[in-house]
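Heads up, the thing below is written out as structure tokens.
Numbers here are sequence positions counted from 1.
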Amino acid sequence: MAYPYEIPSIAQIHPVLGANPNIIDALVFQGVFSSKANGAPLDPEAVEVAQNTVDILSDARTHLPIVTPPIIETARNRVHALREVHAALDLGLQPGIGPFVQQQFINFGQNIAAIEQEVVNIGQDIAQRMARFEASLANTRISSRNRRYIRDPIRPLHKSVDGNGHALALAICRQPQLPEPVEAYHPNAMIGALPNPWDPDIEGYSHANILKLVVFYNDDFGIVPADRLRTRRGKVRTWLLDFE
């Protein structure tokens, strides 16, 4: 006897499991990768193994956050799908509702995967918002400190805008293209990062130095194309002193 249709693995329905070392490297979790191909010989131990996997995943919830209730529900549904096929073939019946069950199983998995991805996206968005908030809060303190200790070397602010600012730099460059050192500068810094190295001597900055800061912070500091170098230095300094 053979399986009349494919029964996917839990990891096929929840790809996040296949990307987690705690799952991949642990022998006890290998049941999540078990699948049954259409036409494969009936495995008499498949239902028991599937049920054991449900029990293992249920126990793992206490110490592995990646094991969510939808994953456990998929594991339970997989037991039902296997049991339906095995019971029908064992009794000499045609598992007529199998294709329907299989499609519902796949649809359920796709819906859960979409929900999980949405949760991941929301989590990333919240993390980004929190990082921007923390960077802005830190910048307010640093800016205040720069104003109070005006004779000390000025301190840099944390990056609070995502992405590189090549487009902003080009807009104020007054040239058809950016200088090569600026064009080649791709810091790809995270929110909260500081420029490294940092030169506190703003009055000694060249046009290229300022354009690199624009790229790093993805902020033009209020500079416009007509601004001369002295004015640009002043706007950078003002930004460092009066961050809002």
Side-chain angles (χ1 to χ4, degrees), residues 15-16 19-21 65-66 68 113-244:
V16 67
N20 189 289
I66 193 174
T68 59
I115 292 171
E116 286 178 339
Q117 186 57 53
E118 185 175 348
V119 170
V120 169
N121 293 340
I122 292 172
Q124 290 174 341
D125 182 62
I126 292 173
Q128 280 286 87
R129 289 172 183 268
M130 183 60 68
R132 284 194 292 269
F133 173 76
E134 291 175 349
S136 295
L137 195 63
N139 287 345
T140 300
R141 293 196 296 266
I142 295 169
S143 181
S144 175
R145 186 261 175 208
N146 284 339
R147 290 194 302 273
R148 286 200 312 272
Y149 301 97
I150 198 69
R151 296 183 181 276
D152 288 356
I154 199 164
R155 293 184 179 180
L157 302 186
H158 295 270
K159 180 177 174 66
S160 59
V161 180
D162 195 30
N164 294 333
H166 288 91
L168 293 177
L170 182 60
I172 62 173
C173 180
R174 294 191 296 190
Q175 308 236 346
Q177 59 186 40
L178 291 170
E180 195 281 330
V182 180
E183 184 66 44
Y185 180 54
H186 290 271
N188 300 318
M190 301 288 288
I191 298 295
L194 294 169
N196 184 23
W198 166 251
D199 182 1
D201 182 20
I202 306 299
E203 298 307 313
Y205 274 28
S206 65
H207 281 292
N209 293 143
I210 293 173
L211 291 176
K212 277 191 172 184
L213 272 190
V214 171
V215 171
F216 178 85
Y217 284 109
N218 199 8
D219 192 314
D220 60 15
F221 316 121
I223 296 171
V224 297
D227 288 341
R228 295 185 177 276
L229 180 56
R230 182 175 180 180
T231 302
R232 294 179 180 220
R233 290 169 176 164
K235 288 185 175 181
V236 171
R237 186 175 183 83
T238 297
W239 183 79
L240 291 165
L241 295 174
D242 298 317
F243 178 86
E244 294 181 356

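Here the side chain of K235 pairs a donor or acceptor atom with the backbone of G222 at under 3.5 angstrom. Not one N or O on the side chain of H166 forms a donor-acceptor pair closer than 3.5 Å with the backbone of H186. Listed for the S143 side chain is a donor-acceptor partner under 3.5 Å among the backbone atoms of D242. One N or O on the side chain of N218 and one on the backbone of D162 form a donor-acceptor pair closer than 3.5 Å. N209 contributes a side-chain N or O that, together with a main-chain N or O of S206, makes up a donor-acceptor pair within less than 3.5 Å. When atom types are taken as modelled, the side chain of R232 and the backbone of D227 share a donor-acceptor pair closer than 3.5 angstrom.
For the atom pair OG1 of T238 and CZ of F243, the computed distance is 14.0 Å after rounding to the nearest 0.5 Å. Separating the CZ atom in F133 from the CD1 atom in I191 is a distance of 14.5 Å, to the nearest 0.5 Å. Note that CZ of F221 is 8.0 Å distant from CD1 of I172, once rounded to the nearest 0.5 Å. Atoms CG and CG, from L170 and D220 in turn, are 12.5 Å apart once rounded to the nearest 0.5 Å. For the atom pair NE2 (H207) and NZ (K212), the distance works out to 15.5 Å, reported to the nearest 0.5 Å. The distance from the CD1 atom of I150 to the CG atom of L241 is 5.0 Å, given to the nearest 0.5 Å.
Pairing each heavy atom of A169 with each of V215, the nearest pair is CB-CG2, 4.0 Å. Scanning both residues, A19 and P21, for their nearest heavy atoms gives O-CD, 3.6 Å. The two residues P179 and C173 make their nearest non-hydrogen contact at CD-SG, 3.9 Å. Closest of all the heavy-atom pairs between G163 and K159 is O-NZ, 2.6 Å. Of all the heavy atoms in Y217 and P195, the pair that sits closest is OH-CD, 3.3 Å.
More than 12 heavy atoms of other residues, nucleotides or ligands shown are found within 6.0 angstrom of CZ on R174. Summarising the local packing, CD of E203 is surrounded by more than 12 heavy atoms from other residues, nucleotides or ligands at distances under 6.0 Å. Within a 6.0 Å sphere centred on CZ of R148, heavy atoms belonging to other residues, nucleotides or ligands number more than 12.
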(message) Please determine whether side-chain contact (heavy atoms from CB on, under 4.5 Å) holds for the pair Y185 and L178, giving the CA-CA distance in whole Å, both sets of side-chain angles, and the decisive distance to 0.1 Å.
(response) CA-CA 10 Å; Y185 180 54; L178 291 170; over 6 Å; no
(request) Please step through side-chain contact (heavy atoms from CB on, under 4.5 Å) for the pair T231 and V224, ending with a clear verdict. (result) CA-CA 10 Å; T231 302; V224 297; over 6 Å; no
Considering only distance and modelled atom types, tabulate donor-acceptor pairs under 3.5 Å from the side chains of residues 151-158, sequence neighbours left out.
unit_1 : atom_1 : unit_2 : atom_2 : d
D152   : OD2    : R145   : NH2    : 3.2
H158   : ND1    : G192   : O      : 2.7

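Donor-acceptor pairing under 3.5 Å is lacking for the side chains of N139 and S136.
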